[in-house]
Amino acid sequence: MDEKKLQKQLIRITAITVLSSIILTLIGFGIWGYTIKSAYEVKHTQLKVEAVEYKARILKQMDKNMQILTTLSKAYEISTITDEPERLEKSLMATNSANDFISMIYMDKSGVGIMHTPGFGTWDNVTLDECNEYSAEAIESALQGENAVSKVFESKVYDGKLFVYAVPVYKNNEVVGALAASDTLDIFKDISNGNVIMNGSGYIHLINSEGEFLVRSQNSIVQEMYNTIYEGRILSDETKERIDSALKKGISVSGEYTYSGEKCHFYIEPLGINSWFLFCSNKVSDSIFFASNILTAFGGIMLVFVIVVNILLYSGWRIFNKNTKSLIKIAYSDPLTGAENTARFDHDFQIIQSERKKFSTVAINIHNFKGINDLFGKNKGDYVLCYIKKIIDENLKDGEFFCRDTADLFYILMLDTDEAVITKRIRKIIDYISKASLAYGEYSYELSLYAGVAIGGDREKALVAMQSIKNTHHTDIAFYNHNMHDALRRKNSIESQMYPALQNREFKLFLQPKFDIKNNRLIGAEALVRWQNLNGSYRYPNEFIPLFEENGFCIKLDMYMVERACEQIKEWIDSGITPIPISVNQSKLLFSDFNYPENLMHILDKYNVSPSLITLEILEGVANNNLERLNQQINALHEKGFKISMDDFGSGYSSLNMLYQLKIDELKLDRGFMRKAAKEDEERRKVILEQIISFAHKLDITTVAEGIEVQEDKDMMLSLNCDFGQGYFYDKPMCAKEFSEKYMKNKQSD
Ligand code: C2E
Ligand code: MG
Ligand code: MG
């Protein structure tokens, strides 16, 4: 997984998501704004159109009434009816009832006339003074030769508002009188009833050039009963000025005002009569709502959709981001210490390589980490690992990195290539870590580390270098060289061959005799393994036993060798030969297995061999571990009847005290004791050997001298009272068949 690529992708996805959301939102707002504006403009235009239409309707109606009067006037012109009061009265009555006028009047030039009001009768000699002021004005205008419509007035007779149409009556092209008819405001009924225009969202009023309401809609947007449109500070000063100017000029004007927090727009259209104007108004919000209710719903759905998509995208992105981050974390880090893991190390390593930087890879490990876990528990082991992580972390330079592989194996990439510098830096780290000594009861356990360095090399080479000093406690830092790789190749080759070799019985039983030093009698043999290659050549134990100890294969091989020893003993017994005990070398790994005694018995039972014929040789190093546990195991083996021998005593750090503590049966003195010392130390060597042998005897432990090569060795061991001897002086290890031929033939029982 390439984290940087993934992060780039994440950033790209995020940017695209955010950008498309912004664009989508902007487009949405744009469409929304445009739609609102369009709806507003459409409604405003509609307001104008409807006002003009309404005006046309009113004018048409008024024109019709005026036409009736004009036609009647023409009739009067060509007749003598105006001179005949009775006919004139009848004519007025007939026209009145046919056209639903409230009253009709004919007035001659002198200002005297006849008036008929249905339901009230006819008045003669009515003068202008008796007429309503506004109707008198209209009649006077007609007498001046003009068609006229009066202003609206409150009638004294009729309950309601009226206005008057008046036309001149001619004779011989001269005005001889005026014909007038009063009418109700039915014509403006839509206004006064509060009926609305624009499908119910607008209201209309009739005003004059002073802005006074002539006919006021009952359902006006403005609730207060103001007399003029200028009252109540509803219109802004600027709007008032514009309206006033337009009204004076008799032209149309439009604009906006705000009432009760709601925006409204208005349109004023001149009626063309008496400086009357239609004042139309509606609420912007209403109009837009009505105009765009479908769009509003659609827009709402769109908005919800965009929000939901964005929320989904955002939460999806967050989940993706979180998962990716935790996946990267899991994939690239070590959960225990928080350090990075080898996958991350190798990824960063490739970058360092591609940048052609100078570097070294360091592998670092604790000696016997398993022992720490066993001794102090897993938690303490984990603590040690975290502590190592912390120390390495604190000792890195800029650009350097490290990781934990498995268990206690750490790798560091250092940007140094000088051996001395690297050594100094590693030693500093090792010293810091070693200081964190662990307390075990009253003892303290000091951590000891070792490291392998590959200058310009990878983890594998650093590991090879490190493993080359795994079992040496005197060196703590090793630098990689080619020979190490050969050793590793050999190791790999052996490891790949060991299992098939065991299956194919390539591991052969060799026996080396053991003699009683005093009388040279054969008292037993030691089983020594030889790995016979397919070409017949042999590999010796020192080539593979240490590796098998390390990888655990020794457990299998040792049990196999016990079986081969039993097989041999059985063969002797079956051939009528009195068997001799065989000592078998046993790995210390076996001693920590609780089932070990039982497993051994399985093999012995299979060949019907008595445990007294098998001696188990353990290396003195076994005793470095838990003595109590070891004694338990020895006891269990004793109970079965096995003898226990301690091998190579004196080669390591064994002490006589340990002899006292361990319940062994035999002590094999390491062949190192046979090597002659300098003259002045010769006496010391003998004293030590004598002491060991005598101490062993006191504890009922028999002694075997290993590596007796010459007569002198044998004589010395005889003089020191050692019981048995083994070595080239007597004989070399040989294959079991040869051994039987050579040593067992004469042991034929009768
Ligand atoms: P060891 O158990 O101390 O075996 C004695 C070693 O000393 C043998 O080496 C033997 O050949 C060698 N030797 C005997 N007499 C003389 C002598 O006079 N002079 C000298 N210089 N050497 C002598 P070998 O067979 O190479 O075995 C080496 C070690 O390998 C053994 O030491 C033992 O620790 C281990 N080993 C051998 N076979 C097995 C096995 O089956 N299982 C295990 N776990 N270890 C084994
Ligand atoms: Mg041995
Ligand atoms: Mg030995």
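In listed order, ligands and their atoms are each counted from 1.
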Going by distance only, is there an N or O of [X] that falls short of 3.5 Å from an N or O of ligand 1?
X	value
Asn585	yes
Tyr540	no
Asp647	yes

Minimum-distance protein heavy atom relative to [atom]:
atom	answer
atom 11 (O) of ligand 1	Pro733 CG, 3.3 Å
atom 39 (C) of ligand 1	Val529 CG1, 3.7 Å
atom 10 (C) of ligand 1	Leu528 CD1, 3.9 Å
atom 15 (N) of ligand 1	Gln512 NE2, 2.9 Å
atom 44 (N) of ligand 1	Asp558 OD1, 3.1 Å
atom 29 (C) of ligand 1	Pro541 CB, 4.3 Å

Please evaluate residues Glu567 and Lys570 with respect to the criterion salt bridge (charged side-chain N to carboxylate O under 4.0 Å, His left out), reporting the C-alpha separation (whole Å), side-chain torsions for both, the decisive distance (0.1 Å), and the verdict.
CA-CA 5 Å; Glu567 197 178 48; Lys570 183 177 183 322; over 6 Å; no
Lys/Arg N to Asp/Glu carboxylate O, [X] vs [Y], below 4.0 Å:
X	Y	answer
Lys668	Asp648	no
Asp431	Lys435	no
Asp393	Lys389	yes

Can you label the angle between the Phe345 ring and the Tyr411 ring as parallel, tilted or perpendicular, going by 30° and 60°?
tilted
What class does the angle between the rings of Phe359 and Phe349 fall in, given that below 30° is parallel, 30 to 60° is tilted and above 60° is perpendicular?
perpendicular
Is the shortest heavy-atom distance from the side chain of Ile372 to the side chain of Leu447 under 4.5 Å?
yes
Got Ile582 and Leu613 here, is their nearest side-chain heavy-atom distance under 4.5 Å?
no
Is [X] touching ligand 1 with its side chain, its backbone, both, or neither, if touching means heavy atoms under 4.0 Å apart?
X	result
Val584	neither
Glu549	neither
Lys668	neither
Arg530	side chain

Per-atom contacts of ligand 1 with [X], taking only distances under 4.0 Å to non-hydrogen atoms:
X	value
Met561	41 (O)
Glu617	2 (O)
Glu709	17 (C), 18 (O), 19 (N), 20 (C), 21 (N)
Asp648	3 (O)
Arg671	6 (C), 7 (O), 12 (C), 20 (C), 21 (N), 22 (N)

More than 12 heavy atoms of other residues, nucleotides or ligands under 6.0 Å from CG of Asp700: is that the case?
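Check fails, neighbour count at 12 or below.
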Salt bridge (charged side-chain N to carboxylate O under 4.0 Å, His left out) between Arg489 and Asp486, intermediate numbers included:
CA-CA 5 Å; Arg489 215 171 288 134; Asp486 293 343; 3.2 Å; yes
Contacts of the Mg ion (ligand 2) with protein N/O/S atoms, counting only those under 2.8 Å:
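Per the 2.8 Å query on the Mg ion (ligand 2), atoms found are Glu526 OE2, Asn585 OD1, Glu617 OE1, Asp647 OD2.
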How close do [X] and [Y] get, heavy atom to heavy atom, and via which atoms?
X	Y	result
Met674	Glu706	CG-O, 3.2 Å
Ala451	Ile364	CB-CG1, 4.0 Å
His638	Lys663	CE1-O, 2.8 Å

For atom 13 (N) of ligand 1, which candidate among Phe510, Tyr728, Phe507, Tyr560 holds the nearest heavy atom?
Tyr728
Can you confirm whether some protein heavy atom lies under 4.0 Å from atom 4 (O) of ligand 1, or whether none does?
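Answer yes: something from the protein, a heavy atom, is under 4.0 Å.
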Are Arg427 and Tyr432 in a cation-pi setup, meaning NZ or CZ lies under 6.0 angstrom from the ring centre and within 45 degrees of the ring axis?
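Verdict for Tyr432: no cation-pi partner in Arg427.
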Given Thr615, which partner from the list Glu526, Gln586, Lys643 fulfils the side chain to side chain contact (heavy atoms under 4.5 Å, CB included) test?
Lys643
Please check if the distance between the ring centroids of Trp531 and Tyr538 is under 6.0 Å.
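Between Tyr538 and Trp531, which both carry aromatic rings, the centre distance is not below 6.0 Å.
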